[in-house]
Q: 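Once you've had a glance at the structure underneath, I'll fire off some questions.
Every chain is numbered from 1 and lettered A, B, ... according to where its sequence line falls, protein lines coming before strand lines.
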Number of protein chains: 2
Amino acid sequence: MPLEKSRASSSTKKRVRDAEATKLRILEAAKKEFARNGLEGARVDTIALDAKANKRMLYHYFKSKDGLFRTLLEREYLNIREEETKLNLENLPPRTALETLVRFTWEYYIANPEFITLVNSENLCQAVHIRNSPTLKTISQKFIRRIQSLLDRGVRENIFREGIDAAQLNITIASINYYYFTNRFTGSVIFERDFTAPEALKERIAFNIETICRLVCKN
Amino acid sequence: MPLEKSRASSSTKKRVRDAEATKLRILEAAKKEFARNGLEGARVDTIALDAKANKRMLYHYFKSKDGLFRTLLEREYLNIREEETKLNLENLPPRTALETLVRFTWEYYIANPEFITLVNSENLCQAVHIRNSPTLKTISQKFIRRIQSLLDRGVRENIFREGIDAAQLNITIASINYYYFTNRFTGSVIFERDFTAPEALKERIAFNIETICRLVCKN
DNA sequence: AGCATAACGCACCGTATAGTTACTTACACA
DNA sequence: TGTGTAAGTAACTATACGGTGCGTTATGCT
C-alpha cells in the first residue's frame with residue numbers, strides 16, 4: 001500500500017457525496033476566516049482545510065474568493081433580517097417594541113460577532129460585492145418600512161415624537177451597538193476597561209436603550 | 001553615458017538628503033495606502049513608490065510593515081486629540097461645548113477619512129500595534145478627564161443630567177459619527193441614498209447633535 | 001580637504017497565494 | 001446493471017509579496 005487513497009483503505013470514514021453539506025461547511029469556514037482576517041487577509045487554503053473540503057470545490061461552487069465572500073455576505077444579511085422579523089414588533093406596544101429592537105441588535109452582534117467584521121470588510125472595498133444585489137435591496141426596503149410603521153404607530157399613540165426619520169433612527173441604533181463591538185480592542189486601550197466584561201456589557205446596553213428612548217419618546 | 005546616475009546627469013533634479021522629509025512622505029503615502037486597502041491589503045511597494053522613496057528606506061526608518069503602521073497610527077491618534085484640545089471646551093457654556101464636541105468629531109472624520117479606516121484595521125488585528133503604547137494611554141486619560149469635567153460643570157450649572165459616564169458618552173458620540181462614515185457604502189445600498197450628498201450630511205449631523213443633547217441635557 | 005556617518009538605491013530571495021489542470025469516484029436513473 | 005454527470009482530489013503554476021544584502025552618494029564636522 002504505497003499511497004493511501006483517502007477513503008478507500010481507512011476504517012470508519014464513510015465519506016458521502018453531499019453538495020449542500022459541503023457548500024455549507026465551506027461557508028461556515030469562510031465566515032470564520034473572513035471575520036478573523038478580513039477579505040485580503042483570509043486564506044482560501046485555510047478555508048478549504050477548515051471546511052474539510054478541497055480547494056477545488058470552493059472554486060467549483062463559488063467561482064472565486066470574492067464570489068465566496070459575496071454569497072456569504074448576502075446570507076448573513078438575510079439571516080439578521082429574518083431573525084429580526086421574528087420579534088413581531090408590530091404586536092408590541094411602541095415603547096416596548098423600540099426597546100426590543102435595540103436589545104435585539106445588541107444581542108445579535110454578541111451572538112454573531114462575525115457579522116460586524118464581514119460588514120467592515122465589505123465597506124473597505126466600497127461594497128462591490130453587494131452593490132447590485134436585488135435581494136439585499138428588497139429585504140432592506142421591507143425592514144425600513146417596518147421601522148417606519150412602528151414610528152408612525154408610536155406617534156399616533158402619542159408616545160413617540162413626530163418627524164423622526166426611520167433611516168436616521170436605524171443608523172443610530174446600529175451605530176451605538178455596532179461601534180462598541182467593532183472598536184472594542186482600541187476601546188479597551190483608550191478607556192482602560194474590558195469592553196467584554198459582563199458588567200461592562202450590562203452597563204452599555206442600558207445606556208444604549210436610554211439613548212434611543214430619550215431620542216424617540218416624548219418627555 | 002551608459003548608466004544614468006539619478007541626480008548627476010539630469011537637469012534640474014537636485015535631490016537633497018532630508019531624513020525627516022522622507023519619513024513624512026512615507027507616512028503620508030502609508031496613510032493613503034493603508035486606508036484604501038487595509039493592513040493586509042496595503043502593499044509596501046506601492047507606499048514606497050507613492051512616497052518617491054526607496055523601499056529600503058521604508059524598512060530603514062520603520063523596521064517593518066507593522067512598524068510603519070504602528071508609527072502612523074500613533075501619530076493619527078495624537079493628531080485628533082491635539083485638534084480637539086484646540087476647541088477650548090472648558091471656556092464654552094456646557095451645552096455649546098457639547099455641541100461643539102459632536103460637530104468637531106463629525107468634521108474631523110470628514111476632513112480625515114483615513115482615520116476611521118486605520119482604526120478599523122487596528123481593531124481587526126485586536127489592537128496589537130497600540131496595545132502597549134504609553135503615549136496613547138496618557139493622551140486618552142487626559143481626553144476623558146476633559147469630558148468628565150465638562151459633564152460635571154454642566155451638572156453644577158443645572159444644564160446636564162446627573163450620573164452620565166464620560167466614557168459611555170464618548171463612545172456614543174464617536175459611534176453615531178464614525179458608523180455613518182465607515183458604513184457609508186453598505187449604507188448607501190441598504191438605505192438607497194447617497195450618504196455623502198451635502199443634504200444627507202447636513203441632515204445627519206443635525207440628527208446626531210439632537211441625539212446627544214437629548215441624552216445629556218435636562219428637559 | 002578629508003572623513004565618518006547617515007541617506008539612499010538596485011537587484012535579488014524565499015515563500016505564500018489565488019487559481020488551475022487533469023484526474024478519480026460516487027450516485028441517480030435508465 | 002450500466003452509464004452520464006456531478007462530487008471530490010492531489011499536484012502544480014505563475015506571480016506577487018515582504019523583506020534584505022550590499023554597494024553608492026551626500027552632508028556635517030574637524
Q: Roughly how many Å is it from CD in A:Glu40 to C1' in D:dC17, rounded to a whole number?
A: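 Atom CD in A:Glu40 sits about 12 Å away from atom C1' in D:dC17.
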
Q: In whole angstrom, what separates B:Arg43's CZ from D:dC17's C1'?
A: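 These atoms are roughly 7 Å apart.
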
Q: Can a side chain N or O of B:Thr22 be found less than 4.0 Å away from OP1 or OP2 on C:dC8?
A: yes

Q: Measure the distance from CG on A:Asp18 to P on C:dC27 and round it to the nearest whole Å.
A: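 In whole Å, C:dC27 P lies 10 Å from A:Asp18 CG.
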
Q: What is the distance from CE of B:Met57 to C1' of D:dA26, rounded to the nearest Å?
A: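 Taking CE of B:Met57 and C1' of D:dA26, I get 13 Å after rounding.
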
Q: Side chains of B:Ser133 and B:Glu74 only: does a donor on one sit below 3.5 Å from an acceptor on the other?
A: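 The criterion, which ignores hydrogens and geometry beyond distance, is satisfied for B:Glu74 and B:Ser133.
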
Q: Looking only at side-chain N and O atoms, does A:Tyr61 come under 4.0 Å of OP1 or OP2 in D:dG8?
A: yes

Q: Once you apply a heavy-atom cut-off of 4.0 Å, does B:Ala48 come out as touching a base, just sugar-phosphate, or nothing?
A: nothing

Q: To the nearest Å, give me how far apart CG (A:Leu49) and P (D:dA10) are.
A: 11 Å

Q: Report which part of the nucleic acid B:Phe62 touches: base, sugar-phosphate, or nothing (heavy-atom distance under 4.0 Å, all strands).
A: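 The answer is nothing, as B:Phe62 stays clear of every strand by at least 4.0 Å.
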
Q: So, A:Arg184 side chain and A:Phe181 main chain: donor-acceptor pair closer than 3.5 Å or not?
A: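 Yes, A:Arg184 side chain to A:Phe181 backbone: donor-acceptor pair under 3.5 Å.
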
Q: Applying a 4.0 Å non-hydrogen cut-off, can you work out what A:Ala21 is touching in the nucleic acid: base, sugar-phosphate, or nothing?
A: nothing

Q: Looking at A:Tyr180, A:Tyr178, A:Tyr179, which hits ring-ring contact (aromatic ring centres under 6.0 Å, His included) with B:Tyr179?
A: A:Tyr178

Q: Short question: side chain of B:Glu122, backbone of B:His129 - any donor-acceptor pair under 3.5 Å?
A: yes

Q: Calculate the interatomic distance between A:Arg25 atom CZ and D:dA7 atom C1'; express it in whole Å.
A: 11 Å

Q: When the distance from CG of B:Leu58 to P of C:dC10 is rounded to whole Å, what number comes out?
A: 15 Å

Q: Is there any protein nitrogen or oxygen under 3.5 Å from a nitrogen or oxygen in nucleotides 19-23 of chain D, and what are the pairs?
A:
from: D:dG19; atom 1: OP2; to: B:Tyr59; atom 2: OH; distance (Å): 2.8
from: D:dG19; atom 1: OP2; to: B:Lys65; atom 2: N; distance (Å): 3.1
from: D:dG19; atom 1: N7; to: B:Lys55; atom 2: NZ; distance (Å): 2.8
from: D:dG19; atom 1: O6; to: B:Lys55; atom 2: NZ; distance (Å): 2.5
from: D:dG21; atom 1: N7; to: B:Arg56; atom 2: NE; distance (Å): 3.4
from: D:dG21; atom 1: O6; to: B:Arg56; atom 2: NE; distance (Å): 2.6

Q: Sequence neighbours left out, cut at 3.5 Å: what donor-acceptor pairs do the side chains of residues 195-203 of chain B make with other protein atoms?
A:
from: B:Thr196; atom 1: OG1; to: B:Asp194; atom 2: OD1; distance (Å): 2.8
from: B:Glu203; atom 1: OE2; to: A:Gln168; atom 2: NE2; distance (Å): 3.3

Q: Apply the test side chain to side chain donor-acceptor pair (under 3.5 Å) to residues A:Asn120 and B:Thr182: give CA-CA distance (whole Å), side-chain angles for both, the deciding distance (0.1 Å), then the verdict.
A: CA-CA 8 Å; A:Asn120 276 346; B:Thr182 190; 4.5 Å; no

Q: Going from OG on A:Ser121 to CD1 on A:Ile116, what distance comes out if it is rounded to the nearest 0.5 angstrom?
A: 12.0 Å

Q: Tell me the interatomic distance from B:Ile47, atom CD1, to D:dC17, atom P, rounded to whole angstroms.
A: 12 Å

